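What follows is one structure encoded as structure tokens, with my remarks underneath.
No experiment lies behind these values; they were computed from the predicted model shown.
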Amino acid sequence: MRNSHLKHLHAQREELEAKLELHIARYCFGEGDVEDGTEAELQQRITEISDEIDALESERGE
């Protein structure tokens with residue numbers, strides 16, 4: 001169960017990182033002139049998931 005949860009977290013983090021890259025690219029090309037907090041929210045969620053992954057992996061001794 002823990003292994004599948006860890007895989008799910010890795011997939012979620014990859015998806016959020018892709019969304020963040022897309023958001024930054026749109027902003028750089030002028031398609032997102034207003035900063036609406038999306039970048040900060042995505043970065044915060046990525047950090048939270050990364051922390052959870054680190055905790056689970058340290059429990060497993062990885």
Side-chain angles (χ1 to χ4, degrees):
M1 168 99 172
R2 184 174 287 176
N3 222 10
S4 64
H5 182 63
L6 194 55
K7 286 179 184 179
H8 176 72
L9 289 174
H10 278 286
Q12 265 190 320
R13 183 174 62 183
E14 288 175 11
E15 183 180 326
L16 290 170
E17 288 171 341
K19 286 180 181 182
L20 179 59
E21 288 177 16
L22 181 59
H23 177 77
I24 291 170
R26 285 181 175 163
Y27 185 77
C28 288
F29 290 108
E31 293 181 27
D33 293 334
V34 178
E35 177 52 47
D36 61 358
T38 301
E39 184 176 347
E41 287 178 29
L42 288 170
Q43 288 176 334
Q44 176 62 34
R45 187 63 184 130
I46 290 167
T47 299
E48 291 169 359
I49 290 173
S50 294
D51 290 346
E52 189 173 350
I53 289 170
D54 290 343
L56 288 172
E57 288 178 343
S58 69
E59 287 177 10
R60 289 179 32 182
E62 293 182 4

So, taking the atom named [atom1] in [X] and the one named [atom2] in [Y], what distance separates them when rounded to the nearest 0.5 Å?
X     : Y     : atom1 : atom2 : answer
Ile24 : Thr38 : CD1   : OG1   : 11.0 Å
Glu41 : Leu20 : CD    : CG    : 11.5 Å
Glu52 : Leu9  : CD    : CG    : 4.5 Å

- Residues Glu15 and Lys19 bridged, charged N to O under 4.0 Å: yes
- Partner of Ile49 under side-chain contact (heavy atoms from CB on, under 4.5 Å), picked from Gln44, Glu17, Gln12, is Gln12
- Can you check whether Asp36 reaches His23 side chain to side chain, under 4.5 Å on heavy atoms? yes
- Message: Would you say that Glu39 contacts Leu42 through its side chain, given a criterion of any heavy-atom pair below 4.5 Å between the two side chains?
- Response: no
- Please check if any side-chain donor atom of His10 sits under 3.5 Å from a side-chain acceptor atom of Arg13, or the reverse. yes
- Kindly write out the residues that satisfy side chain to side chain donor-acceptor pair (under 3.5 Å) with Thr47, not counting sequence neighbours, or none if the list is empty. none
- Hphob cluster co-occupancy, Ile46 + Leu22, side-chain heavy atoms under 4.5 angstrom: no
